[in-house]
Amino acid sequence: MNRAALSVTSPWKRRPPAPARSPAREGKWARYGLRPLPAERVQAPLVEGCAGWLECRVLSEPDVQRKYDLFIAEVVAAWVEDTVWKDGGWDFKGEDSLRSVHHLAGGVFFTTGDRVLAPKPTAGTKK
């Protein structure tokens, strides 16, 4: 299953999270063909086969969480797949299965496209 299909078919209903090692959680992983990888700094697992991984810890902001249903997190570890990180930036050419999926609105998504570089301004060019 490709990443885009996974994101579009995932349920959007809000549900309480299952405990990290519960049968319900393990069933969801298997249903979508996901495999967990151990994290180094947090308890939650990483997902195998991604283009990059972030381990985060939630910062306690009870008023923001209650009022806006928004959680603020600090990144405590990060990795990127070497095949898509080239010359200091993302480059998915030839790695279609690792393109990231982004939500626009109303169930509409897009995947990252080809890398396009803007020309650098020459000396004396107005911005």
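Counting begins at 1 with the first residue of the sequence.
- Scanning all heavy atoms of the two residues, the minimum distance from H102 to S100 falls at NE2-OG, 2.8 Å.
- When all heavy atoms of A78 and V75 are compared, the pair lying nearest together is CB-CG1, 4.4 Å.
- Among residues at least two apart or in separate chains, ring-ring contact (aromatic ring centres under 6.0 Å, His included) pairs with a member in residues 76-97 are W85-W90, W90-F92.
- D63 is linked by a salt bridge (Lys or Arg N to Asp or Glu O under 4.0 Å) to R66, counting only residues two or more places apart in sequence or in another chain.
- Of all heavy-atom pairs spanning A44 and A39, the tightest one is O-CB, 3.3 Å.
- E61 has its side chain out of reach of F71: every pair of non-hydrogen atoms, C-beta onward, lies at least 4.5 Å apart.
- Using modelled atom types, no side-chain atom of R41 and backbone atom of A77 make a donor-acceptor pair closer than 3.5 Å.
- As a member of the Ile/Leu/Val/Met/Phe/Trp/Tyr network built from side-chain separations under 4.5 Å, L104 groups with V108, F110.
- Considering every non-hydrogen atom in both V47 and W53, the closest pair reads O-NE1, 2.7 Å.
- The salt bridge (Lys or Arg N to Asp or Glu O under 4.0 Å) pairs that include a residue from residues 46-58 are R35-E48, R57-E74, where partners are two or more places apart or lie in different chains.
- Under a 4.5 Å side-chain heavy-atom criterion applied to ILVMFWY residues, the cluster that includes V116 comprises that residue alone.
- Other residues sharing the hydrophobic cluster of Y68, ordered by chain and number and joined by side-chain separations under 4.5 Å: L59, V64, L70, I72.
- Atom CD of E95 is separated from atom CD of E81 by 7.5 Å, given to the nearest 0.5 angstrom.
- Atoms CG and OG1, on L98 and T111 in that order, are 12.0 Å from each other to the nearest 0.5 Å.
- For W29 against L46, the heavy-atom pair with the smallest separation is CH2-O, 3.9 Å.
- Of all non-hydrogen atoms in D91 and K86, the two that sit nearest each other are O-NZ, 3.8 Å.
- The structure places CG of L34 at 11.5 Å from NZ of K28, a figure rounded to the nearest 0.5 Å.
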